[in-house]
Amino acid sequence: MPLGLPYHQGDVFTGVDLAGLPDASNAEEQLAMLFMHPCTMRDAGGALRKFVTVVRVTRQSATKVLADPAQWQRNYKVMPLPDLYDTGRGTHVADFMQISTVASAALPRIHRVAQLSADGRLLMQQRIVFHLTRHAPLLRLFEQAVAHIEAEAQYQADWVEAGTARTPIADVTLAQVEALEHEAQEYLGTSRDTDSLRNQLAVESSRAAATRTVQLEIARRYPRPSTL
């Protein structure tokens, strides 16, 4: 997984010690999925909180890719993860019944094995709500609610990508990525500042202008090599 991808709801990590949860024969990979909403897992300035909640990820099948939605229609206590490792084999599930709190330091990026797509995160949120309430809001309602969150995450990723464009991928360091992320978050401002770009992104009527401002700033600070 690219180091520059921001932490997001639904990220899956390996080697996570889920203390307090019972042993499971299909959990030997020690996989865990970030459970918290992106706004909840970060402080007002965008930094990851010291502790975050995760759910255990277990293996459902070692060989079969169970991607048919009908397979999961009556099992909303899990988030299906067919072909988790992108090898064309196997199916895992994130189990909402097995939740734990871990130090965010226990989830280093180099141990991240998968990240959900934007559509995957919407499905995860819908399944969580149904699991907790037995009500399944339309996906478009989730999409509207998180549009600015997805935009903010994408702009941070764009910032990091632009800032590391002159560095060979194999040479990009975690320290470099984290410094660029901090820079991007500082530029967006905090949610406590009513005029911050972060708050402008949260309002549909000002989102397009805020997006343009961020894009121009990225281009100004980190022009593409071909434009020099």
Chi angles and distances behind the side-chain contact (heavy atoms from CB on, under 4.5 Å) call for Leu18, Val102: CA-CA 7 Å; Leu18 299 177; Val102 301; 4.0 Å; yes
Stepwise side-chain contact (heavy atoms from CB on, under 4.5 Å) check, Glu217 with Arg221: CA-CA 6 Å; Glu217 183 64 16; Arg221 296 195 190 200; 2.6 Å; yes
Test side-chain contact (heavy atoms from CB on, under 4.5 Å) applied to Val54 and Phe13, step by step: CA-CA 10 Å; Val54 298; Phe13 297 83; over 6 Å; no
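The side-chain heavy atoms of Ser191 and Asn199, taken from C-beta on, include a pair separated by under 4.5 Å. Within the 4.5 Å cutoff, side-chain heavy atoms of Pro80 are placed close to those of Arg127. Annotation: side chain of Val113 is not in contact with side chain of His92 (no heavy-atom distance under 4.5 Å). In this structure, Val12 and Leu84 have side chains that are in contact, with non-hydrogen atoms separated by less than 4.5 Å. Between Arg207 and His148, some side-chain heavy-atom pair lies under the 4.5 Å cut-off. Counting only heavy atoms from C-beta outward, the side chains of Gln98 and Val55 never approach each other to under 4.5 Å. By the 4.5 Å heavy-atom criterion applied to side chains, Val146 and His37 are counted as neighbours.
Hydrophobic clustering (ILVMFWY, side-chain heavy atoms < 4.5 Å, transitive): Ile169 and Val177 are in distinct clusters. Trp72 and Ile128 are assigned to two separate hydrophobic clusters, defined by single-linkage of ILVMFWY side chains at heavy-atom distances under 4.5 Å. Cluster membership for Val129 and Leu122, using ILVMFWY side-chain heavy atoms within less than 4.5 angstrom, is shared. Placement of Ile99 and Leu116 within a single hydrophobic cluster is found when ILVMFWY residues are connected by side-chain heavy-atom separations under 4.5 Å, directly or transitively. Residue Val78 is not grouped with residue Leu132 when hydrophobic side chains (ILVMFWY) are merged at heavy-atom distances under 4.5 angstrom, including chains of intermediate members.
Residues forming a side-chain hydrogen bond (donor to acceptor under 3.5 Å, both in side chains) with Glu204 (at least two apart in sequence, or on another chain): none. Residues passing the salt bridge (Lys or Arg N to Asp or Glu O under 4.0 Å) test with Glu181, sequence neighbours excluded: Arg109. Partners of Ala153 by side chain to side chain contact (heavy atoms under 4.5 Å, CB included), not counting sequence neighbours, listed by chain and number: Pro6, His8. Evaluation of the side chain to side chain contact (heavy atoms under 4.5 Å, CB included) rule for Asp158 yields Gln154, Tyr155, Glu161, Ile218 as partners, not counting sequence neighbours. Applying the salt bridge (Lys or Arg N to Asp or Glu O under 4.0 Å) test to Arg56 and every residue at least two apart in sequence or in another chain returns nothing. Partners of Leu123 by side chain to side chain contact (heavy atoms under 4.5 Å, CB included), not counting sequence neighbours, listed by chain and number: Met79, Gln126, Leu139.
Hydrophobic cluster membership of Leu141, counting Ile, Leu, Val, Met, Phe, Trp and Tyr whose side-chain heavy atoms lie under 4.5 Å apart directly or via other members: Leu138.
Proximity of a side-chain donor or acceptor of Thr40 to a complementary backbone N or O of Met36 within less than 3.5 Å is not detected. A donor-acceptor pair under 3.5 Å is absent between the side-chain atoms of Ser104 and the main chain of Val52, judged by distance alone. A donor-acceptor pair is defined here as one N or O able to donate and one able to accept, closer than 3.5 Å; no such pair exists between the side chain of Ser196 and the backbone of Gly189. Put simply, the side chain of Thr164 never gets that close to the backbone of Thr167: no donor and acceptor are under 3.5 Å apart. Thr53 places no side-chain N or O within 3.5 Å of a backbone atom of Phe35 that could act as its donor or acceptor partner. Using modelled atom types, one side-chain atom of Tyr7 and one backbone atom of Leu107 make a donor-acceptor pair closer than 3.5 Å.
Checked against Asp11 for a side-chain contact (heavy atoms from CB on, under 4.5 Å), the options Met41, Gln115, Met1 give a single hit: Gln115.
Under the 30°/60° scheme for interplanar angles, the aromatic rings of Tyr187 and Trp159 are found to be tilted. Classified by interplanar angle (parallel below 30°, tilted 30° to 60°, perpendicular above 60°), the ring pair Tyr76/Phe130 is tilted.
Applying the salt bridge (Lys or Arg N to Asp or Glu O under 4.0 Å) test to every pair with at least one member in residues 64-82, sequence neighbours left out, gives no pairs at all. The stretch residues 81-95 participates, sequence neighbours left out, in no salt bridge (Lys or Arg N to Asp or Glu O under 4.0 Å) pair at all. Evaluation of the salt bridge (Lys or Arg N to Asp or Glu O under 4.0 Å) test over residues 13-29, restricted to residues two or more places apart or in two chains, returns Glu28-Arg59. The stretch residues 138-157 participates, sequence neighbours left out, in these salt bridge (Lys or Arg N to Asp or Glu O under 4.0 Å) pairs: Arg121-Glu150, Glu152-Arg198. Within the structure, the ring pair (Phe, Tyr, Trp, His ring centres under 6.0 Å) test picks out no pair touching residues 47-70 (sequence neighbours left out).
Separation of atoms CG (Leu197) and OG1 (Thr211) is listed at 9.5 Å; rounding is to 0.5 Å. Here the CG-CD distance, from Leu180 to Gln185, works out to 12.0 Å after rounding to the nearest 0.5 Å. Once rounded to the nearest 0.5 Å, the distance linking CG of Asp193 with CG of Leu188 reads 11.5 Å. Here Leu3 contributes atom CG and Arg112 contributes atom CZ; the two are 8.0 Å apart, rounded to the nearest 0.5 Å. Separation of atoms CD (Gln60) and CG (Asn26) is listed at 8.0 Å; rounding is to 0.5 Å. Expressed to the nearest 0.5 Å, how far CD1 of Ile149 lies from SG of Cys39 amounts to 3.0 Å.
Around the CG atom of Leu216, the shell of radius 6.0 Å holds more than 12 heavy atoms that belong to other residues, nucleotides or ligands.
Here the closest heavy-atom approach between residue Ala105 and residue Pro108 is recorded as O-CD, 3.7 Å. Taking both residues in full, the closest heavy atoms of Val65 and Gly88 are given as CG2-O, 3.5 Å, listed atom of the first, atom of the second, then distance. Residues Gly4 and Val160 come closest through the heavy atom pair CA-CG1, 3.8 Å. When every heavy atom of Ser100 is checked against every heavy atom of Leu21, the shortest pair comes out as CB-CD1, 4.3 Å.
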